[in-house]
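Keep in mind the model is a prediction, meaning the values are calculated, not measured.
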Amino acid sequence: MRVNGDARVDGVDIVIDEKNYTGLKSKSNGNERGPGWPATNGLKLETDSSGTVSAGTVVKNCDLRANSVADESSIGGLINFFASAGGATLDNCRITNNVPGTTSIIASSPSTAPNPVKITVKNSVIQGGGAGQNAAVNISARPRSIVKNTCLRYPDASPDDIKGAGASNVSFGQQCTGKAGLKAPKKVGSGGNLSSLPAPKINGSATAGGGGGGLKIKIGKIVLAAGALLALIAILAVVGVPSIAVGFGILSSVVLAYLLDDD
C-alpha cells in the first residue's frame, strides 16, 4: 500500500507472503514489480512534489505482517518512509516481521519532504522472528521522532533496536509489561473495523437486493400506472395512429418518473 501526504490508514490488514501467494503475478509496473517479484514493502509513505503536509499521515489500528518474500535481502521494509515522506503517527498497530534481515520500520532522511517530518510510534507491538535481526525502528534525520507505550516483543529485544528516535515507556522482551503495547487489541486489522460499520440505508419504497431479492416496488404504483396506460391507449385509438408514437413517449416518461419517485 502506498499513501501520500495527510492520508489516513485505519483498520487494514497488509500481508506480504510470497510463498503462499496464489493470485496474479503482474509484471506490468517496472518500479513496484508487484507480487511474484523479489522485493516489496508493506506500507510506503511519501509526498508528491506538489504536496503539503499539515498533520501528517495517520496509520491506526493496522495489522501488518511480513511472512515471506522471494529474496529476503531485497525487501525494503515492512513500513518504509521515503525521503519525500512527511511526518506520521503509527497508533495501535501490530507489526509482525518474520523476514530475516528486514527492518520493521525504516525512514529515510527527509531530503525532499515537507515539514513536519517527525515520526511517532505509539501503543503498538513489533514482533516476529525477523524483527530483531536489524533494528526494529530505524529513523534517519527526523528530529523529535519517538517510540512510546510500545512493546518490542521478541527474544533479546533491547533499546539498541530503536535508532534515530527517542523511547518512552517501551517494553523489551517476549512479554509486554506495564502499559506498553496495544491499547485496543480488538480494533486491530480489518476484522475489528469492517464489522462495526452500520448497514447501508436505502430511501423510498424500492430496495436493491441480492440473491432472490431484486427491485421491489409498491403494488399500488403499478396498478395506477397500468390504469393510466389503458386509458391513454383508448384515447389514442380514437385520435389516430400518428398520435400514438407521441403518446407512448410521453407516457413512458411519466410512468418512469412516477415509479422512481420516492414519495
Hydrophobic cluster identity match, V121 and V58, side-chain contacts under 4.5 Å: no

S124 vs C93 side-chain heavy atoms within contact, under 4.5 Å: yes

S84-T112 side chain donor-acceptor pair, cut-off 3.5 Å: no

Audit row: L182, V188, side-chain contact (heavy atoms from CB on, under 4.5 Å) steps and yes/no: CA-CA 9 Å; L182 300 173; V188 175; 4.1 Å; yes

Residue pair I14 / D63, side-chain heavy-atom distance below 4.5 Å: no

Distance-minimising heavy-atom pair for K118 and P143: CB-O, 3.3 Å

Sub-4.5 Å side-chain heavy-atom contact between D10 and V12: no

Side chains of T102 and N97, donor plus acceptor under 3.5 Å: no

Residue pair C62 / G11: nearest heavy atoms and the distance that separates them: SG-N, 4.0 Å

Hydrophobic cluster membership, I106 vs I16, 4.5 Å side-chain cutoff: no

ILVMFWY network linking I105 to I146, side-chain heavy atoms under 4.5 angstrom: no

I162 and V170, any side-chain heavy atoms less than 4.5 Å apart: yes

Atom of G181, atom of V125 and distance for their closest heavy-atom approach: CA-CG2, 4.0 Å

Beyond-backbone contact of F81 with S108, side-chain heavy atoms, under 4.5 angstrom: no

R153 side, atom CZ; S171 side, atom OG - distance, nearest 0.5 Å: 9.5 Å

Polar side-chain atom of T96 near backbone of Q127 as donor-acceptor pair, under 3.5 Å: no

Interatomic distance, D156 atom CG to Q174 atom CD [nearest 0.5 angstrom]: 8.5 Å

Criterion side chain to side chain donor-acceptor pair (under 3.5 Å) against N149, the qualifying member of D91, N169, N92: N169

Test side-chain contact (heavy atoms from CB on, under 4.5 Å) applied to N123 and T150, step by step: CA-CA 5 Å; N123 308 313; T150 290; 5.7 Å; no

Derivation of the side-chain contact (heavy atoms from CB on, under 4.5 Å) call for V59 and L43: CA-CA 10 Å; V59 181; L43 178 63; 3.8 Å; yes

Within one Ile-Leu-Val-Met-Phe-Trp-Tyr cluster: F172 and V137, side-chain cutoff 4.5 Å: yes

Trace of the side-chain hydrogen bond (donor to acceptor under 3.5 Å, both in side chains) decision for S190 with D13: CA-CA 6 Å; S190 60; D13 295 328; 2.8 Å; yes

Within-4.5 Å side-chain heavy-atom neighbours: I79 and L45: yes

Side chain to side chain, V99 and S68, heavy atoms closer than 4.5 Å: no

Side-chain (D161) to main-chain (S158) donor-acceptor, under 3.5 angstrom: yes

Contact check, side chains of R94 and L64, non-hydrogen atoms, under 4.5 Å: no

Contact summary for T103 and A135, nearest pair of heavy atoms: CG2-O, 3.1 Å

N-O pairing of R65 and D17 below 4.0 Å: no

Shortest non-hydrogen contact between A165 and I139, atoms and distance: CB-CD1, 3.9 Å

Chi angles and distances behind the side-chain contact (heavy atoms from CB on, under 4.5 Å) call for N20, N67: CA-CA 9 Å; N20 294 304; N67 293 332; 6.0 Å; no

Heavy-atom pair of closest approach, residues S145 and G164: CB-O, 4.1 Å

Path from V3 to L78 over hydrophobic side-chain contacts below 4.5 Å: yes

